[in-house]
Structure formats: structure tokens, C-alpha cells
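Working notes for the structure below.
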Amino acid sequence: MDALPTFDLVLFGGTGDLAMRKLLPALYRRSAAGQLASDSRIVGAARSPLTREQYLEKVEATCRAHLGKQFDPQCWARLAGQISYCKVDANSDEDFAALRAPLAGREATVRVFFLSTAPDLFAVTCEGVARHGLVTPHARVVLEKPLGHDARSSAEIDERVGAIFAEGQIFRIDHYLGKETVQNLLALRFGNTLFEPLWRRGRISHVQITLAEDLGVERRADFYDRTGALRDMVQNHILQLLSIIAMEPPASSDPDALRDEKLKVLRALRPLAGREALSRTVRGQYKAGATNGRPVVGYRQESGVSPDSTTETFVALKAQIDSWRWAGVPFYLRTGKRLQEKLSEIVLTFEDVPLAMFDRPAPPVSLNRLVIRLQPHEGITLSVLGKYPGEAMLLRPVELSLDFCETFKTPRLDAYERLLNDIVKGNLTLFMRRDELQAAWRWIDPIREAWLQYDYEPKTYTAGSWGPAAASALIGRDGFAWSNEL
Ligand code: BG6
């Protein structure tokens, strides 16, 4: 892989969960792969008054924990030499002034301000670095989700950040876009002619997107209880996946060509509001149960969650896209915590044959399906009917599997490694544009408003199950079933 241009990266929220779990291990891996120029620098910035040594101890511990046997003391020593620490409280002007020293004399170098902080600190942090003259023409800012909590707060962040950075300098991260299978979906759709004639109404009967997690809220109860599954997963990851599946072929691989097409999909989503939002959405909250063979507490008993919380940990909904390609094709979306397993997949189910001449299982089992699995075991499977060996003409489902790991035996980048590389290279293709984000919020807000207006409290489901029974009824009413129920 090509070496990256020299960069300076200031990691705000540098002691936080995301930095420790994902970003710093990702930087380690790129460094170990020889992609980081030796004069690149990483400045951890957070509120705690740590010395450089104390910060390095934390980073080393997290890299060791996440890399296991791949951790190599020599690689670490090399990376550690490039890391420093600066205490920055976003409300202290003095602290921002202290950032000048590690960046001095590097005005012509790519400069990345990575804001892995709460969204209410995005604008003040950008204003802080701007006040101290740290925003150079080569600077860019990275904003981690959640980008606000509704259309209004997100627009306010956009306004204030946009007053300092041009749109081409703003990288809004949705880490799902960095996943290899999502990019493979683009390759499958726009690198082949095979699927294009089938990719539409009349050929596809419905689409399902499932982002299921077996984990609960872990140590993020405070954030999660204020956010809920609709804003944590549907507003961003699920809608991004939906727009990639549903978009028209872009005219080129230019970032804006792709983002223009995604935007059109988001704008064509039929609004879900009022009573209709109630009948087409299911909210759930997990109660005590068991996952992976061990008992787990219910959401309301999680530490940091209020015992009468009405935050949803599960959402299922039926979306429709009002376009010529997709009119009448339902998109069923669902996500939840503490479900039976970790599973992220997109399933496109094709229409049935007009005449069933052979003995075969009853639909929906026998329908052709294209399954795009993001995790675990990334891959794409096409399920078709084949003849079961023997005298009789019995048809049974068989799978044509595309296993990219097996075929291309080459190391793969994790989503954050890929996105960090793109940020340093200045490639915006896999990042959300301001208007996309606004369109997504404008579709999400009325759903939440309807839930509030009609007091729609979440239905409980047992931890370790596939969510409330109402989610099966939602799709079952249209004669379909979730893929795990087939
Ligand atoms: C994050 C959400 O964006 O995505 C988390 O805030 C969720 O709640 C996570 O656990 C899931 O990401 P992944 O890559 O593990 O599926």
C-alpha cells in the first residue's frame, strides 16, 4: 500500500472510548504496515491533565489489548515516538493556545483535527482552533457521529463548523461506509452488468437491512439513554446503507457524483409521520435474558440507565422510496442491542417465478435472495433453487457464495484504518455531505415526534431474542419474514 503523505493529527477526545478502542489501534496498524511517514505526528488532546508518558502508557495498553499477538514492541516504539499529548479543555482559551507549540512550523503539512468528542463540543472546538490561527489551507476536520440530535441541532453544528471550514475540508464519519463489504456493494452494482436489470421494482420484491448486536449498552449508558436506537443506528448507518443500495448509478467515481445520488434517495424516502409512523415502526427495549449462554440484565437495570427509561434499544420499520426504480418495493429496516447474535446484513429478495412447475419448498423459503453480509464473515451469497440429486425433480435452495477473503488472500483494512487513510489523502467519497445528513434527519425527526405525540412506549423483548414479536408482525403483514425466521 502507498505511503501516506506526512500529516499532523490532533485527536480531540484522545482518551475517550472511540479513540482508545478504534482510532489508536488503527493508527498502530497503519504504522506497522509502514504507511505512516516517520515525520507524521499524532497529538492526543483531552481534558485530563496527563503527562506525555502517562498518555503513552494508556495508548500502549489499549494497543496491546486490541492487537493481541500482533503487538510488536519495536513497532510500538516507532509509533510512540510520533505521539504527544496536550491537555485541552474546549472551554479554555489557554489550552487551545498550548496546541500551537506541537503544530508550529508545519503550516504546509496536512493537518487533521479529529473530533472524537460529544457533538456539543464540535463547534466550540473548531472555533477554538480557528481563534488561535491553527486552521491552515491544508487543515481538515473530522466529525464523529452523532452529528447533533435532530435536524435543528445538526444544522447549527453545520453552520458554525461551516463558518470555519469549507465543505471540502469537513469529513463526517459514518464508519459503516469504511467497511469492505459496503465498498464491495458498490463494486457489485457498478462494476458488473449482471445485477443492474434486476435491481428494481418488478424484479425485487423487498429489501431487508438488519444491524443486530448481541452487546448491550456497555459503558455508554449515559450517551445511549439520551440517544436511542433510531438516532444511534438508523439515522446514519442504516440510511447510508439504504441509499447505497437504492441509488442510481453515479456518472463517475467523483465523491460528489456518488453523494448526489445518495442524497436523491434520502429525499425520495416517503415521510413517516403521525399515526402512519406508529403503524410502520416498532420500538423495543430489552428486558433481562441471556446472550451467548450467560444471563444479562435488562436495559433499565444497566448501570447509568434510569429505572423508568423509555429509550428504545430496538427499532424495526418499513420504509418506502418514491422513485420509478423502487415504487412499491418495501424496505424493512431493523436494528437492536442484546439480540441473539451480531449480524449485519442486507437481503434483497427477488420476485417468485410466475409458474412453479417443480416440487419445491413453499415461498418465502424458495425465493431467490442476494445476501450481502457485512459482519461476521463478510461475503455475498446468492441463493437459488437447484435440483436435489435423485430421480424426482425436487428443487431445493443452494447457495452461490462469493468469499472475498478466500479469493483475495490479502490483508484487509478495518473501517477506521480505511477512513483515516482517506482523510489524510483528502478523499471525501466515503464521508457524508451536509445535505445528506440534513435529509436523513428530516426523515427521522417526524418518527420521533410521532412516538412522543402518541406516547408510544417501547415494547419489551427478552435479551437474546430477535426483538419484539411486533417486528415479525410488521413484515409478516405483507407476507414476508425476516431472514433469520426462514
Ligand atoms: C456505533 C453505535 O455507531 O456503531 C454503537 O454508536 C454500535 O452503538 C456500533 O455498537 C456498531 O458498530 P459495528 O461496526 O460494531 O457494527
Side-chain angles (χ1 to χ4, degrees), residues 13 16-23 25-26 29 66 114-120 122 142-149 154 171-185 208-242 244 283-286 291-292 296 299 302 304-305 309 311-315 333-346 372-379 412-420 430-432 436-437 440-441 444 458 463 467:
D17 186 59
L18 183 77
M20 288 291 158
R21 240 171 1 99
K22 298 279 188 187
L23 305 176
R29 286 200 201 89
H66 284 88
F114 197 122
L115 273 51
S116 167
T117 62
D120 48 354
F122 289 171
V142 185
L143 307 178
E144 251 301 334
K145 67 164 272 280
L147 289 120
H149 52 268
S154 157
F171 290 70
R172 298 180 187 83
I173 282 212
D174 183 310
H175 78 277
Y176 265 67
L177 297 185
K179 291 188 191 268
E180 191 74 14
T181 323
V182 176
Q183 292 152 60
N184 243 317
L185 176 58
Q208 300 179 16
I209 304 179
T210 296
L211 302 187
E213 296 183 85
D214 51 352
L215 294 179
V217 286
E218 308 305 296
R219 287 175 301 148
R220 297 161 72 228
D222 178 42
F223 156 77
Y224 197 86
D225 208 37
R226 283 180 283 119
T227 308
L230 185 71
R231 292 190 283 202
D232 187 39
M233 299 291 282
V234 182
Q235 189 273 341
N236 33 75
H237 305 324
I238 289 197
L239 289 187
Q240 284 294 317
L241 295 178
L242 174 135
I244 290 181
R283 290 183 88 193
Q285 188 187 73
Y286 63 83
T291 48
N292 304 317
V296 291
Y299 179 68
E302 298 274 13
V305 172
S309 166
T311 300
E312 79 283 354
T313 59
F314 176 96
V315 181
L333 318 177
R334 77 179 161 162
T335 182
K337 297 223 178 256
R338 283 279 187 245
L339 295 181
Q340 199 171 95
E341 57 186 90
K342 169 95 179 161
L343 175 72
S344 307
E345 67 175 21
I346 301 164
I372 299 149
R373 178 158 315 134
L374 279 67
Q375 52 198 14
H377 316 302
E378 289 175 28
R412 308 155 85 71
L413 300 187
D414 119 317
Y416 275 102
E417 289 174 66
R418 159 73 204 235
L419 296 174
L420 279 165
L430 299 176
F431 297 84
M432 296 180 288
E436 279 182 79
L437 196 74
W441 277 121
I444 291 291

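Please read all numbers here as calculations on a predicted model, not as lab measurements. Start at 1 and go down the list; that is how both ligands and their atoms are numbered.
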**OP:** Below 4.0 angstrom from a heavy atom of Lys337, which ligand 1 atoms are there? Numbered from 1 as shown, please.
**Re:** 5 (C), 7 (C), 8 (O), 10 (O)

Original post:
Which atom names give the shortest non-hydrogen contact between Gln183 and Leu177, and what distance separates them?
Top reply: NE2-O, 3.3 Å

Original post:
Is it true that Glu218 lies under 4.0 Å from ligand 1, counting heavy atoms only?
Top reply: no

**OP:** Report the relative orientation of the aromatic rings in Tyr286 and Tyr299; use parallel for angles under 30°, tilted for 30 to 60°, perpendicular for over 60°.
**Re:** perpendicular

**OP:** Report the part of Tyr224 (side chain from C-beta onward, or backbone N, CA, C, O) that has a heavy atom under 4.0 Å from ligand 1; answer both or neither where that applies.
**Re:** neither

Subject >> Steps toward side chain to side chain contact (heavy atoms under 4.5 Å, CB included) verdict (Tyr176, Asn236) >> reply: CA-CA 9 Å; Tyr176 265 67; Asn236 33 75; over 6 Å; no

Subject >> Ser344-ligand 1 polar pair, N/O distance under 3.5 Å >> reply: no

Original post:
Between Arg412 and Glu378, is the closest basic N to carboxylate O distance under 4.0 Å?
Top reply: yes

Original post:
Salt bridge between Lys22 and Asp17, side-chain N to carboxylate O under 4.0 Å?
Top reply: no

Original post:
Looking at Asp232, which atoms of ligand 1 are within less than 4.0 Å of one of its heavy atoms?
Top reply: 2 (C), 5 (C), 6 (O), 8 (O)

Original post:
Which ligand 1 atoms are under 4.0 Å away from a heavy-atom of Lys145?
Top reply: 1 (C), 2 (C), 3 (O), 6 (O)

**OP:** Heavy-atom contacts with Glu213 under 4.0 Å: which atoms of ligand 1 show up? List them by number with element.
**Re:** 7 (C), 10 (O), 11 (C)

Subject >> Atoms in ligand 1 with a heavy atom of Lys342 nearer than 4.0 Å >> reply: 13 (P), 15 (O), 16 (O)

